Trainee: 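Pasting a structure here, questions to come.
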Amino acid sequence: MTKKEHLYDLFKPAHYDVYLDINRETKIFNGKVTMEGEAVKPDIKFNEKFLNITAVKVNNETVDFNVDDQAETVDVNCGKTGETTVEIEFDAQLTDTMMGIYPSYYEVNGEKKQIIGTQFESTAARQAFPCIDEPEAKATWDLAIKYDEKPGETILANMPEKECKDGVHYFETTKRMSSYLIAFAFGEMVSKHTKTDDGIKIGVYASPAHKEDELDFALDITKNALEFYEKYYETPYPLPHSWQLGLPDFSAGAMENWGLITYREAFLTLDPKNASLSVKQHNATDITHELAHQWFGDLVTMKWWDDLWLNESFANMMEYVSSDAIHPEWHMWEVFQEKEVPMALNRDAIDGVQPVHVEVEDPADIDAIFDGAIVYAKGSRMLVMVRSMIGDDALRKGLKNYFDAHKYGNAVGDDLWKALGDASGMDVSAVMKSWLNQPGYPVVTAKIVDGNLQLSQKQFFIGEGKDEGRQWQIPLNSNYETVPELMKDQTLDLGNYAELKQKNGNKPFVLNVGNNSHFIVKYDETLLNDILDHIDELDAISQRELLQDMHLLAKGREISYSALVPLMSHFTKNKSYIVNDALFEIADDLKKFVKPGSEDEKNLRTLFNELSAAKYAALGIESKDDDDNDAVLGRPTIVKAALYAKNEKAIKDAHAMFEAHKGHIATIPASVRPYVMMSEVANYGNEDLIKTLLNEYRKTSDGIYQRDLSTALTVTSDKTAIQEILECFKDADTIKPQDLREWYVGLLGNSEAQQATWDWMRDNWDWLIDTLGGDMEFHTYVTVTANTFYTKQRYDEFKAFYEPKLDTPGLRREIEMDVNLIKGKVDLVEAEKSAVEQAIANEVK
Ligand code: BES
Ligand code: ZN
């Protein structure tokens, strides 16, 4: 890729004075920004987007300027180089796209209100004021904001307010920081405050649609996490406060603006009387993720977006390191195995996927690399791999040196490897380059050939893949001590298997113990049977890993899907929730092989029953006083499976629970609430119920309850109800654009609703582009569609619809990968349908 001109090479800002006057009535704001810095060339440029620039002065002299909409710049000739002050006046409109400066809408006591907030990452600061909108262009910032203020309103920004004069709020000068981390917000808010042990002010804020006690959980996590990070990083938090603010409209999940972190409300607030453990864990990791960024990302920032992983992969690992330290009883590394690992392994197996480190220049492409599976899940998996290689002490020592060397500045990947290499004495860089710069990952085949145990690596693909002979330096983590730590070549002969086994206490041979390395294993029959004979002796992560690897091998056509069916029976008694989760993921995946309403589907339900009945009998639908972590987190999976199995007791229990909570449905125990409501819709549904649930959705400000309601409503098979829901898709008063995707996914996965939903997507594509096209998560509408489809007809339709859209900014890679993905599934189902159906029939007879 040819490197584009970066504006920082033309002008190096040192300080900004930003003044904004915002009017909510007219949705217009006026502004003036003064930038002091060094002009490297006489012709300089500033980023701007959708701003109406009215005047530009260079060193107090009015000059001409030229706006280049395509390049998102205003070009200025300042006549000479050196120290320069540039002043730009402008006006603009508040956006309605959850980017730049935008209103968030909420309702309280029937009254519609707004909070104005900002979202600048990755390239939307330029929609608020002209600036060098590049991460390397760090400067200090003075913000001054005026707005049509009413009594009782609050304004927040990165730094504390210094003074308010003539209605203008002046904030203290920031530390040296990048434009994408600037933030402010104002409106009515509820809040709770505390301090860390060394005096940093902590606040949690939300719209008045929330009660104060909904902020307590976040307050507690924030305090604990900030204190944890200060110790762990041995680097103080450099700002006087850390505000956490929930915004009613929010595109991403959360955003790490320095000192003023913003969140999707449902990711911050929670109902202390009825929140499931998984929601608590989720919110805790959101908060710890953004707080990790206050150092990794904010204090030290990637030099350019190609090293985005330095920010996101790191924060994604640290969210687990810190929440595990704060709540060891939650076993957060099991959550990592359940949530991050499969995401990475599934997506990274599709040909055409980008590597973690990827060259990018254009804004739409920058947004598209914030890919949950790659820069987050795979990236964090890479760092977990490094951490397990060098150990936590070396990691911390290296990090401290890294912060000391780069604070208030920028870094590239090599800087991190150097710091970790120096601290550990290992050549971290050599190993990691093979992982970060190459897409994909290997499958290691372990087999006995002529008595010798042999390993070989090759790239693993789901769907069609071109083998380019890629190789990785693989940390093998075997349970056999004599196996080398790293596999650097394509093959490795470990010597006589019988001798090896004897030397290692006759244990079965296992690779990737702990599942910290990014590869999967294909054992030959002897080795696999050895493991299965000892399966109950393995810990939960290893059991899960075996199921996960076999599932992937089946998706990649390395083994037959039908081989998974007998494998599952080894796990009928298992209690670990992460193992059950993997088990029922395989079972769910079998649904695509059976036709709705067929005898085969009946058999599949029986299989679900065999796998879930005893577990459901033991767990029940109600929580119990002596529930352990596995019971609490596993119950939802088992209840859901039992309901699919048409387990009569489960259906009756769910109905009774629903009846008992009539009039206050929100108080159904949150962990099973979606499934209880879902069962009600599926088994006892009628017009009234749909109305009641839709009404609940409109009324509540609890985002988690809303999500549960959409999960339940979208299983309806009633055509009128389906139509009614589809009509709400464009009604922002019912479904906020930020929440539309989960409704779309729900209905698309419902065989009774799929046709109408897919038609809706195709008929309303232009509306979707207009409403959400600028959104950084927009491409995921394509991803979720592809994840649902597996028939030839849908494949043809998908191709026909999306391929002409390859040039839509940010969509090319997604469409190309997804076409490949669906094709792979179509071929798979065609080839294996009868074998799978037979295997299920054999299992349940
Ligand atoms: N920096 C991101 C937010 C972001 C994402 C900005 C995409 C621009 C484009 C933030 O730190 C983040 O990673 N948020 C996650 C949620 C988080 C809790 C894992 C997100 O928004 O999905
Ligand atoms: Zn992040």
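The model shown is predicted, which means the values in this text are computed figures rather than measured ones.
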Trainee: Mind checking whether H193 and W243 have parallel, tilted or perpendicular rings, split at 30° and 60°?
Mentor: perpendicular

Trainee: Distance alone, cut at 3.5 Å: any donor-acceptor contact between the side chains of D367 and S122?
Mentor: yes

Trainee: Determine whether a donor-acceptor pair (N or O, by modelled atom type, separation under 3.5 Å) exists between the side chain of E727 and the backbone of E724.
Mentor: no

Trainee: Looking at K805, I'd like to know if its NZ atom is crowded, meaning that more than 12 non-hydrogen atoms belonging to other residues, nucleotides or ligands lie closer than 6.0 Å.
Mentor: yes

Trainee: Once rounded to the nearest 0.5 Å, what's the spacing between atom CD of E87 and atom CD of E36?
Mentor: 11.0 Å

Trainee: Quick check: closest heavy atoms across L268 and L245, and the distance to 0.1 Å?
Mentor: CD2-C, 3.8 Å

Trainee: Assess whether a salt bridge exists between K691 and D688, defined as any Lys/Arg side-chain N lying under 4.0 Å from an Asp/Glu carboxylate O.
Mentor: no

Trainee: When rounded to the nearest 0.5 angstrom, what is the spacing between OG1 in T269 and CG in D702?
Mentor: 7.0 Å

Trainee: Go through the structure and list residues passing side chain to side chain donor-acceptor pair (under 3.5 Å) with T140, not counting sequence neighbours.
Mentor: H15

Trainee: Kindly say whether R707 contributes a backbone atom to a donor-acceptor pair with the side chain of S710 at under 3.5 angstrom?
Mentor: yes

Trainee: Measure up the W305 and F370 rings against each other and bin them: parallel (under 30°), tilted (30 to 60°), perpendicular (over 60°).
Mentor: tilted

Trainee: Are the side chain of E153 and the backbone of K150 linked by a donor-acceptor contact shorter than 3.5 Å?
Mentor: yes

Trainee: Counting C-beta onward and ignoring hydrogens, is there a side-chain heavy-atom pair between K175 and L239 closer than 4.5 Å?
Mentor: yes

Trainee: Would you check if there is a donor-acceptor pair between the side chains of T173 and D142 at a distance under 3.5 Å?
Mentor: yes

Trainee: Measure the shortest side-chain to side-chain distance between D43 and D75 over non-hydrogen atoms and say whether it is less than 4.5 angstrom.
Mentor: no

Trainee: Atom CD of E696 and atom CG of L713: how far apart are they, to the nearest 0.5 Å?
Mentor: 10.5 Å

Trainee: ring-ring contact (aromatic ring centres under 6.0 Å, His included), that's the test. Do W141 and F171 meet it? Break it down for me.
Mentor: CA-CA 9 Å; W141 302 72; F171 295 90; over 10 Å; no

Trainee: Whether D216 and K192 form a salt bridge (side-chain N of Lys/Arg under 4.0 Å from carboxylate O of Asp/Glu) is what I want to check.
Mentor: yes

Trainee: Just how far is it from atom CD1 of I44 to atom OG1 of T73, taken to the nearest 0.5 Å?
Mentor: 11.5 Å

Trainee: Less than 6.0 Å separating the ring centroids of W743 and Y697?
Mentor: yes

Trainee: Check the pair D133 / S179 against side chain to side chain donor-acceptor pair (under 3.5 Å), numbers first and verdict last.
Mentor: CA-CA 6 Å; D133 199 10; S179 53; 2.7 Å; yes

Trainee: Within a reach of under 6.0 Å around NZ of K211, are more than 12 heavy atoms found that belong to other residues, nucleotides or ligands?
Mentor: no

Trainee: Working note: D759 + R762, criterion salt bridge (Lys or Arg N to Asp or Glu O under 4.0 Å); need CA distance, chi angles, decisive distance, verdict.
Mentor: CA-CA 5 Å; D759 288 344; R762 287 179 292 180; 2.8 Å; yes

Trainee: For T734 and D731: C-alpha separation, side-chain torsions, deciding distance, then whether side chain to side chain donor-acceptor pair (under 3.5 Å) applies.
Mentor: CA-CA 6 Å; T734 303; D731 167 18; 2.6 Å; yes

Trainee: Nearest heavy-atom pair of A292 and A315: which atoms, and what distance?
Mentor: CB-CA, 4.1 Å

Trainee: Hey, is NZ on K32 packed in by over 12 heavy atoms from elsewhere, all under 6.0 Å?
Mentor: no

Trainee: For F250 and Y102, I'd like to know if the aromatic rings sit close, meaning centre-to-centre distance below 6.0 Å.
Mentor: no

Trainee: Within the 3.5 Å criterion, strictly below it, is a donor on H169 or E163 matched to an acceptor on the partner's side chain?
Mentor: no

Trainee: Quick one: does N257's side chain have a donor or acceptor within less than 3.5 Å of a partner on N158's backbone?
Mentor: no

Trainee: Hey, could you give me the CG/CG distance between N77 and D64, rounded to the nearest 0.5 Å?
Mentor: 9.0 Å

Trainee: I need the minimum non-hydrogen distance between T196 and I202, along with the two atoms involved.
Mentor: CG2-CD1, 3.5 Å

Trainee: Taking the side chain as C-beta and beyond, is there a heavy-atom pair between T95 and F50 under 4.5 Å?
Mentor: no

Trainee: For Y744 and Y781, take the angle between the two ring planes, folded into 0 to 90°, and tell me which bin it lands in: parallel under 30, tilted 30 to 60, perpendicular over 60.
Mentor: tilted

Trainee: Check L247 against S104 and note the closest heavy-atom contact, atom names and distance.
Mentor: CB-OG, 3.8 Å

Trainee: Using only heavy-atom distances, determine whether the side chains of T301 and K138 contain a donor-acceptor pair under 3.5 Å.
Mentor: yes

Trainee: Under 3.5 Å, is there a donor-acceptor pair between the side chain of N410 and the main chain of P135?
Mentor: yes

Trainee: Can a donor-acceptor pair be found between the side chains of E136 and H6 at a distance below 3.5 Å?
Mentor: no

Trainee: Evaluate the salt bridge (Lys or Arg N to Asp or Glu O under 4.0 Å) criterion for residues D249 and K736: first the C-alpha distance (whole Å), next the side-chain angles of each, then the deciding distance (0.1 Å), finally the verdict.
Mentor: CA-CA 8 Å; D249 287 280; K736 279 174 174 284; 2.8 Å; yes

Trainee: Is there a side-chain contact between N47 and L7 in this structure, where contact means two heavy atoms from C-beta onward sitting under 4.5 Å apart?
Mentor: yes

Trainee: Out of curiosity, K280 NZ to H282 NE2, how far, rounded to the nearest 0.5 Å?
Mentor: 15.5 Å

Trainee: Determine whether a donor-acceptor pair (N or O, by modelled atom type, separation under 3.5 Å) exists between the side chain of T288 and the backbone of E319.
Mentor: yes

Trainee: Treating R126 as the side-chain partner and C131 as the backbone partner, does any N or O pair qualify as donor plus acceptor under 3.5 Å?
Mentor: no

Trainee: Aromatic rings H289 and Y376: how do their planes relate, parallel, tilted or perpendicular, breaks at 30° and 60°?
Mentor: parallel

Trainee: What is the minimum heavy-atom distance between P674 and A712, and which atoms define it?
Mentor: O-CB, 4.0 Å

Trainee: Under the side chain to side chain donor-acceptor pair (under 3.5 Å) rule, what do E814 and T783 come out as? Steps first, then yes or no, please.
Mentor: CA-CA 7 Å; E814 192 57 54; T783 327; 3.1 Å; yes

Trainee: So, does E48 use its side chain to make a donor-acceptor pair with the main chain of L51 at under 3.5 Å?
Mentor: yes

Trainee: Taking only Lys NZ, Arg NE, NH1 and NH2, and the carboxylate oxygens of Asp or Glu, determine whether K57 and E89 approach each other closer than 4.0 Å.
Mentor: no

Trainee: Does the D362 side chain pair with the main chain of D365, one donor and one acceptor, at a distance under 3.5 Å?
Mentor: no

Trainee: Any donor-acceptor pair under 3.5 Å linking the side chain of Q244 with the backbone of V204?
Mentor: no

Trainee: Which heavy-atom pair separates A206 from L215 by the least distance, and what is that distance?
Mentor: CB-CD2, 3.9 Å

Trainee: Does K113 pair with E188 as a salt bridge, N-O distance under 4.0 Å?
Mentor: yes

Trainee: Any ion pair linking D96 and K27 (charged N to carboxylate O, less than 4.0 Å)?
Mentor: yes

Trainee: Considering residues, nucleotides and ligands other than E61, do more than 12 of their heavy atoms fall under 6.0 Å from its CD?
Mentor: no

Trainee: Using a strict 4.0 Å threshold on nitrogen-to-oxygen distance, state whether K49 and E72 make a salt bridge.
Mentor: yes

Trainee: Is the distance from the ring center of Y180 to that of F120 below 6.0 Å?
Mentor: no

Trainee: Under the ring-ring contact (aromatic ring centres under 6.0 Å, His included) criterion, do F129 and F90 qualify, and how do the steps go?
Mentor: CA-CA 8 Å; F129 39 75; F90 58 96; 7.5 Å; no

Trainee: How about N60: does its CG atom have over 12 heavy atoms from other parts shown lying under 6.0 Å from it?
Mentor: no

Trainee: Determine whether D21 and N30 satisfy the following criterion, side chain to side chain donor-acceptor pair (under 3.5 Å), listing intermediate values before the conclusion.
Mentor: CA-CA 5 Å; D21 181 355; N30 298 297; 4.8 Å; no

